[in-house]
Trainee: 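Here it is, the structure, as structure tokens.
Letters A, B, ... are given to chains in the order of the sequence lines, protein chains preceding strands, and every chain is numbered from 1.
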Amino acid sequence: MNAPVLAPGAAENVTSSRRSPTMRWSRTFIFTLRQDPSDAEVVSHRLMVRAGLISKLATGIYNYLPLGWRVLQKLQAIIREEMNRAGSSELVLPAVQPAELWQESARWFEYGPELLRIKDRHQRDFCFGPTHEEVITDIVRRSVTSYRQLPVSLYQIQVKFRDEIRPRFGLMRGREFLMKDAYSFHSSADDLDHTYRAMEEAYRRVFARCGLSFVEVEADTGNIGGSESHEFMVLADTGEDAVLSCSECGYGANSEKATTGALAPAPPWPLESPAAPKPVDTPEQRTVDEVASFLGIAPSHLIKTMIFETDTEFVAALIRGDLEVNEVKLKNLLGAVHLQLASEQKIEQVTGAPQGFAGPVGLSGARIVADETVMELPAAATGANRTDTHLVGVVPGRDFTPVQVADLRRARAGDPCPRCPGQLVERRGIEVGHVFKLGTKYSSKMKCNFLDHEGREHPMIMGCYGLGVGRTAAAAIEQNHDQRGIIWPLPLAPFEVLLVLLNSDQPDVVAAADRLYQELADAGVDVLYDDRSERPGVKFNDADLIGFPVRVVVGSRGLADGQVEISLRRDGVKRMVKLADTVAEIERLLEQLRIHLEA
RNA sequence: CGGGGUGUAGCGCAGCCUGGUAGCGCACCUGCCUUGGGCGCAGGGGGUCGGAGGUUCAAAUCCUCUCGCCCCGACCA
């Protein structure tokens with residue numbers, strides 16, 4: 001059970017140290033910070049910088065220092081094993097990619113400023129790859145032509161670059177970042193599904209092996225496009241994404257995607273129902289709450305009319321006053337590439353009234369779409385498209401007819417589950433993995449075709465699977481830390497064991513620690529030897545800050561009784577062990593930690 | 001992209017308002033001392049005060065421009 005957990009890099013180091021131990025703190029490049037960096041907001045960022053794992057070079061761009069790189073290497077080793085197990089082959093693609101490929105897929109035009117575009121000396125356009133669908137599709141179309149050669153599954157671990165609007169939180173949301181991305185190509189949807197399930201399983205195994213608590217949720221496919229998508233979220237209060245999950249069944253979804261069961265209907269319409277909508281003066285009453293209390297009705301009796309603009313048109317999205325529009329759902333319904341709320345001036349231009357008084361009745365300058373719950377209202381109030389005026393007694397279907405009716409609601413905690421009688425709960429999560437069924441979006445544009453058994457040509461059906469390496473390491477820290485520092489899960493720790501030498505001025509103590517280090521190295525233990533002549537407090541604090549799972553202390557006090565002290569970072573319990581039994585005891589503890597992880 | 005803030009030694013900061021020879025803590029170097037939770041004493045090195053221009057006898061300090069960085073916002077009629 002030893003071997004699979006060790007990274008190849010780590011194993012090499014251990015092997016070489018067998019001959020001449022070099023994993024001495026004094027000879028490595030580890031520098032911790034006594035003070036918190038002034039710019040770190042979240043724990044993982046703060047601790048990674050303080051512990052000397054990373055340092056910042058520019059906004060959203062970090063150096064991976066030796067200790068941090070060991071963590072990432074171990075994580076990569078786990079990812080490689082699981083990807084290989086899932087039948088994917090590793091390769092490495094260029095970071096810099098020619099514009100032509102991106103123009104073929106049209107993403108050169110669709111991608112915003114997030115795509116870092118660069119020119120070479122001949123003024124030819126390139127970009128620094130934020131992802132690699134185009135490149136991989138190009139590779140596969142050059143070589144694969146027959147259904148007999150499918151499926152194909154390829155992956156790489158690569159540095160990517162996305163020029164984020166606002167990079168923050170260290171490795172959590174950097175501009176340059178390390179990512180594992182995989183792509184698969186198929187001759188049928190069933191075959192894609194097979195690989196997709198295998199990838200989901202691989203991801204579950206990766207995160208479980210890292211000792212992380214995570215959930216898999218349904219996700220929106222976003223700009224990448226496709227039919228089915230799941231995200232893997234490490235649960236943490238500092239997570240940037242909201243996930244909704246059912247307390248009863250297994251349903252879970254990104255808040256962009258989440259649907260709800262039937263919502264409670266609005267209370268009975270409290271006013272008379274005129275044969276036609278009646279204009280009512282509502283001076284300065286703009287918000288849902290203002291208008292509702294002014295008219296003496298419930299917020300759910302109001303039809304909120306939100307004016308959006310897409311690349312091609314204006315859209316009036318109707319939603320019950322007590323609910324909110326989910327822009328992602330709206331965007332998908334419209335098939336729009338860009339969608340944003342219209343500015344105040346544009347609202348006036350479209351509706352003829354200032355913000356707060358828009359309504360669907362008689363509105364002609366915008367495409368009207370409505371949430372399902374709007375159409376269920378027997379009567380409602382809306383803006384009148386006139387300053388300080390609302391219409392009361394509007395009947396959906398009679399007084400206006402939307403072009404489309406769909407689920408446009410944002411699901412919220414407490415809403416009924418769409419699959420069972422349970423309720424949805426909301427939690428924060430860090431997106432560490434994302435799998436997509438892409439379909440033929442790229443293959444058809446880029447003519448990545450194959451011939452079926454009857455000799456007919458079809459575009460290949462694709463899947464893509466991303467896993468943020470740096471972000472997963474950061475998420476591990478968000479989930480595993482205390483006041484003193486990081487508490488690494490064993491599989492991700494830069495070293496599994498830290499051997500601490502105290503009393504470096506006493507030759508017999510040094511000799512004992514040196515000997516123990518040699519023995520541990522010989523036994524293949526992943527150990528770092530803190531041989532510095534620092535004071536004990538400094539060493540202990542560094543050990544806690546970096547978070548080595550096992551700490552072994554050799555000092556004159558214990559040595560007087562022929563003993564050393566062993567403790568686990570997780571519980572801090574100190575136990576004295578005979579010098580002669582130390583290696584065996586450490587191996588026993590490590591084994592225990594591994595078993596603990598399986599459970 | 002909008003708003004706010006900030007840039008002074010490797011790190012964390014004061015000094016700026018009210019212009020007059022650049023400071024503190026940590027880190028670093030030397031010596032002594034000390035060694036089971038960030039010792040102690042003494043001595044020492046290190047900064048064109050982000051950059052450019054301007055005002056002034058004199059600018060870290062005031063003015064203009066510029067660059068970097070940080071925070072908030074760009075989510076609801």
Trainee: Expressed in whole Å, how much space separates the P atoms belonging to B/C75 and B/A59?
Mentor: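 About 47 Å, rounded to a whole number of Å.
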Trainee: What pairs with A/F177 under ring pair (Phe, Tyr, Trp, His ring centres under 6.0 Å), at least two apart in sequence or on another chain?
Mentor: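 Once residues adjacent in sequence are excluded, A/F177 has no partner under the ring pair (Phe, Tyr, Trp, His ring centres under 6.0 Å) criterion.
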Trainee: Inspect the contact between A/D125 and A/K119 and indicate whether a charged nitrogen and a carboxylate oxygen are less than 4.0 angstrom apart.
Mentor: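 Looking at A/D125 together with A/K119, the answer is yes, because their closest N to O distance falls below 4.0 Å.
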Trainee: Could you give all pairs that pass the ring-ring contact (aromatic ring centres under 6.0 Å, His included) test and reach residues 381-412 of chain A, with sequence neighbours left out?
Mentor: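 Checked against ring-ring contact (aromatic ring centres under 6.0 Å, His included) - neighbours excluded - the pairs reaching residues 381-412 of chain A are A/F357-A/H390.
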Trainee: Please give the distance between the C1' atoms of B/G50 and B/G68 as a whole number of Å.
Mentor: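 The same atom, C1', in both gives a distance of 7 Å.
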Trainee: Does any part of the side chain of A/I307, heavy atoms only, come nearer than 4.5 Å to the side chain of A/K346, both counted from C-beta?
Mentor: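 No, side chains not in contact.
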Trainee: Which letters describe nucleotides 72-77 of chain B, given B = protein heavy atom under 4.0 Å from base, S = only from sugar-phosphate, - = neither?
Mentor: B-BBBB
Trainee: Suppose the criterion is ring-ring contact (aromatic ring centres under 6.0 Å, His included): which pairs have a residue in residues 32-55 of chain A, not counting sequence neighbours?
Mentor: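 Qualifying pairs, neighbours excluded: A/H45-A/Y62.
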Trainee: Considering just the side-chain nitrogens and oxygens of A/T59, establish if one lies under 4.0 Å of OP1 or OP2 belonging to B/G68.
Mentor: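 Answer is no, no contact under 4.0 Å.
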Trainee: Report the residue (A/S556 or A/P37) whose heavy-atom-nearest nucleotide on RNA chain B is the more 5′ of the two.
Mentor: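 Nearest-nucleotide comparison on RNA chain B picks A/P37.
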Trainee: Not counting sequence neighbours, list each pair that qualifies as a ring-ring contact (aromatic ring centres under 6.0 Å, His included) and has a residue in residues 531-564 of chain A.
Mentor: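 Non-adjacent pairs meeting ring-ring contact (aromatic ring centres under 6.0 Å, His included): zero.
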Trainee: So which of residues 502-511 of chain A are in contact with RNA chain B, with a heavy-atom cut-off of under 4.0 Å?
Mentor: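 The stretch gives A/L502, A/N503, A/D505 as the residues lying under 4.0 Å from the strand, ordered by number.
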Trainee: Applying a 4.0 Å non-hydrogen cut-off, can you work out what A/D39 is touching in the nucleic acid: base, sugar-phosphate, or nothing?
Mentor: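 The residue A/D39 makes sugar-phosphate contact but no base contact.
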Trainee: Side chain of A/R535, heavy atoms from C-beta onward: which of B/U35, B/G37, B/C69 has the nearest atom to it?
Mentor: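 That would be B/U35.
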Trainee: With heavy atoms under 4.0 Å as the rule, sort A/G558 into base, sugar-phosphate or nothing.
Mentor: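 A/G558: base contact, heavy atoms under 4.0 Å.
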Trainee: Whether the side chain of A/D544 and the base of B/G37 hold a donor-acceptor pair under 3.5 Å is what I'd like checked.
Mentor: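 Checked by distance alone, the answer is yes.
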Trainee: Starting at the 5' end of RNA chain B, which residue's closest nucleotide do you reach first, A/P167 or A/S38?
Mentor: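 Nearer the 5' end of the strand: A/S38.
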Trainee: Provide the full list of side chain to side chain donor-acceptor pair (under 3.5 Å) pairs with a residue in residues 367-379 of chain A, sequence neighbours left out, each pair given once.
Mentor: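 Found A/R367-A/Q404, A/D371-A/T373, A/D371-A/R409, A/E372-A/R409.
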Trainee: Under a 4.0 Å threshold between the charged nitrogen and the carboxylate oxygen, would A/E164 count as salt-bridged to A/R173?
Mentor: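 A salt bridge links A/R173 with A/E164.
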Trainee: When the P atoms of B/G19 and B/C29 are considered, how many whole Å apart are they?
Mentor: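 Nearest-Å result for B/G19 against B/C29 at atom P: 41 Å.
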Trainee: Identify, with sequence neighbours excluded, every residue that meets side-chain contact (heavy atoms from CB on, under 4.5 Å) alongside A/V509.
Mentor: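 Only A/L501, A/N503, A/Q506, A/V554, A/S556, A/L559 meet the side-chain contact (heavy atoms from CB on, under 4.5 Å) criterion with A/V509.
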Trainee: Sticking with atom C1', work out how far B/G46 lies from B/A9, rounded to a whole angstrom.
Mentor: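 Those two atoms are separated by 6 Å.
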Trainee: Mind checking salt bridge (charged side-chain N to carboxylate O under 4.0 Å, His left out) for A/R427 and listing every partner two or more places apart, or none if nothing turns up?
Mentor: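 None.
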Trainee: Verify the distance criterion only: is there a donor paired with an acceptor across the side chains of A/T259 and A/D407 at less than 3.5 Å?
Mentor: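 Side chains of A/T259 and A/D407: no pair found under 3.5 Å.
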Trainee: Checking A/D571 side chain against A/V573 main chain: does a donor-acceptor pair fall under 3.5 Å?
Mentor: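 Indeed, once roles are kept as given, a pair shorter than 3.5 Å links the two residues.
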Trainee: Tell me every residue that passes ring pair (Phe, Tyr, Trp, His ring centres under 6.0 Å) with A/W488, counting only those two or more places apart in sequence or in another chain.
Mentor: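 For A/W488, no residue satisfies ring pair (Phe, Tyr, Trp, His ring centres under 6.0 Å) once neighbours in sequence are set aside.
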Trainee: How long is the line joining CZ of A/F540 and P of B/G37, in whole Å?
Mentor: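 That distance rounds to 7 Å.
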Trainee: Quick check for you: to the nearest 0.5 Å, what is the distance between A/S567 atom OG and A/D544 atom CG?
Mentor: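 CG of A/D544 is found 8.0 Å from OG of A/S567.
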Trainee: Determine the contact category for A/K539: base if any of its heavy atoms lies under 4.0 Å from a base atom, sugar-phosphate if only primed atoms, P, OP1 or OP2 are that close, otherwise nothing.
Mentor: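 A/K539: no heavy atom of the nucleic acid under 4.0 Å.
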Trainee: Distance check, P atoms only: B/C69 and B/C28, in whole angstrom units.
Mentor: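 29 Å, rounded to whole Å.
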Trainee: Can you check the distance between B/C1 and B/U56, where both ends of the measurement are the C1' atom (answer in whole Å)?
Mentor: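 Comparing C1' positions in B/C1 and B/U56 gives a spacing of 39 Å.
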Trainee: Check each residue of residues 364-380 of chain A for a non-hydrogen atom within less than 4.0 Å of any atom in RNA chain B, then write out the ones that pass by number, or none.
Mentor: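 The stretch gives none, as no residue of it lies under 4.0 Å from the strand.
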Trainee: I'd like a list of close polar pairs between nucleotides 25-32 of chain B and the protein, N/O only, cut-off under 3.5 Å.
Mentor:
| unit_1 | atom_1 | unit_2 | atom_2 | d |
| --- | --- | --- | --- | --- |
| B/G25 | N2 | A/Q35 | OE1 | 3.3 |
| B/A27 | OP1 | A/R34 | NH1 | 3.4 |

